[in-house]
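Position 1 is the first residue of the sequence; numbering continues from there.
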Amino acid sequence: MKSTLTLAVLAVSALPPPAAAQDLGPTLIQVDSVVLQESEDHYIGQPGEMILGPRGSFVVIDFFAANAIRFDGAGRPIRTFGRRGQGPGEFYQIGVGGFVSGGVVGITDGQPPEMQIEFFDWDSGEHLGQARSDGLVSSLGATRRGRLWAGGINPDTWLALGSRRLRELLRDRVSLQPPRIPLDRMAVPRTYVEDSTLLGVGGHTRMHVSEESIIFAFGASPYLLMLDLDGEVVDTIPLRAARRRGVPPDDELIEMMSADDGEFSDPDEYFAMQEELFAKVSSLMNVSRDEVGNIHTIHQEGELSGTRVSGTLYLSSLSHDGTRQCPDTLIPTSDVGRPITALRDNELFVLDQRIEAGPDNLRTVLRRFTIDFENCTGEVRRPG
């Protein structure tokens, strides 16, 4: 099912396709759906990210309004975090990285070479302070013990991960020199270092942080990295692809990205090269791990036209060590707007916009699915 998506990043698979019997993703069981109760004061113009909170609540980051809206489990708006601007608690270029933990919500802002993380009180919406980080920060995660992890890419050092105690970051609520979370651990893959052009389409990371370990993924890598809580890589799991495209191995990918815009007399030729690349790859959008250790990922596959991508979304599941993988169940979405997704435990959340009862009646709908990794049928079902 085709949808229109904004520019995203790449996720790859250098592995050969699995055997036909394994080319079926996990079963998706649609549990329920909720129509968001939007209003003039709480309206989502361009959804960019969804952050899951406690008791069924969630936050939708709106690129258009440069703010974030908290909804309860019934789709009722509770409050707004931030607004457009460059002052304390304001966003001038709101990002995709965010977290909710211990009564605090954090959301990225800005652009390289330095980005900000704005912190708010989950209940009151009060601005709690700001932290800074280097490079492009695109993923955040916090442990219950209060350590915040920031993931991204620092093109000066080619390092990708950093952490600080959350209480240290919130110590000075308003400061002329906010505290920093430097990206000072874990090397970025060779493909980025060999040709930084890849940052234009793959400069994106995703991670899942638990009390015991971290799952980390670069946008343009065919692997999941398993880290301990010191940020050290302890295992690497190759990702299989079945229905989605994947991308070529590292050397071939570097060759595809070897041309830069300086070699083209016409900028349209450079963008044509980018469009060709997007037509050959799939993009990592989410990664998470459920309570029994199974890992779930979401990939996007599409075609680039200007700064927009038309594509499809796929869900894959794999065991904790990757020995059993069920790749690429097609996620149903509408043909309107930009669908965004989130994962928690064995649940998939899909938020997109739908036209109901006439072209002027645009509704934002959140649907929740249970992921059945025991039955890899590649199907989407209703309960029962």
Enquirer: For N286, which residues count as a side chain to side chain donor-acceptor pair (under 3.5 Å) partner, sequence neighbours excluded?
Expert: T341
Enquirer: List the residues meeting side chain to side chain donor-acceptor pair (under 3.5 Å) with S101, not counting sequence neighbours, and say none if there are none.
Expert: none
Enquirer: Can you list the residues that meet the side chain to side chain donor-acceptor pair (under 3.5 Å) rule with S133, with sequence neighbours excluded?
Expert: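 In terms of side chain to side chain donor-acceptor pair (under 3.5 Å), with neighbours along the sequence ignored, S133 is linked to no residue.
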Enquirer: Listed by chain and number, what are the ring-ring contact (aromatic ring centres under 6.0 Å, His included) partners of F71, not counting sequence neighbours?
Expert: F58
Enquirer: Evaluate the side-chain proximity of S163 to R185: yes if any heavy-atom separation is below 4.5 Å, no if none is.
Expert: yes
Enquirer: Which heavy atom in L229 sits nearest to a heavy atom in E211, and how many Å separate them?
Expert: CD1-O, 3.0 Å
Enquirer: Return the set of residues passing salt bridge (Lys or Arg N to Asp or Glu O under 4.0 Å) with R76 (not counting sequence neighbours), or none when no residue passes.
Expert: D72
Enquirer: Under the rule for salt bridge (Lys or Arg N to Asp or Glu O under 4.0 Å), what residues qualify as partners of D251, not counting sequence neighbours?
Expert: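 R190.
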Enquirer: Run the ring-ring contact (aromatic ring centres under 6.0 Å, His included) test against F369 and tell me which residues pass, sequence neighbours left out.
Expert: none
Enquirer: Please tell me if the side chains of L148 and V104 come closer than 4.5 Å, counting only heavy atoms from C-beta onward.
Expert: no
Enquirer: Run the side-chain contact (heavy atoms from CB on, under 4.5 Å) test against S138 and tell me which residues pass, sequence neighbours left out.
Expert: V96, H204, T205
Enquirer: Taking only residues two or more places apart in sequence or in another chain, which ones pass salt bridge (Lys or Arg N to Asp or Glu O under 4.0 Å) with R164?
Expert: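 Once residues adjacent in sequence are excluded, the partners of R164 under the salt bridge (Lys or Arg N to Asp or Glu O under 4.0 Å) criterion are E168.
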Enquirer: Checking S213 now: which residues fulfil side chain to side chain donor-acceptor pair (under 3.5 Å) with it, not counting sequence neighbours?
Expert: R289
Enquirer: Residues in ring-ring contact (aromatic ring centres under 6.0 Å, His included) with F99, at least two apart?
Expert: none
Enquirer: With sequence neighbours excluded, what pairs up with E49 under the salt bridge (Lys or Arg N to Asp or Glu O under 4.0 Å) test?
Expert: R206
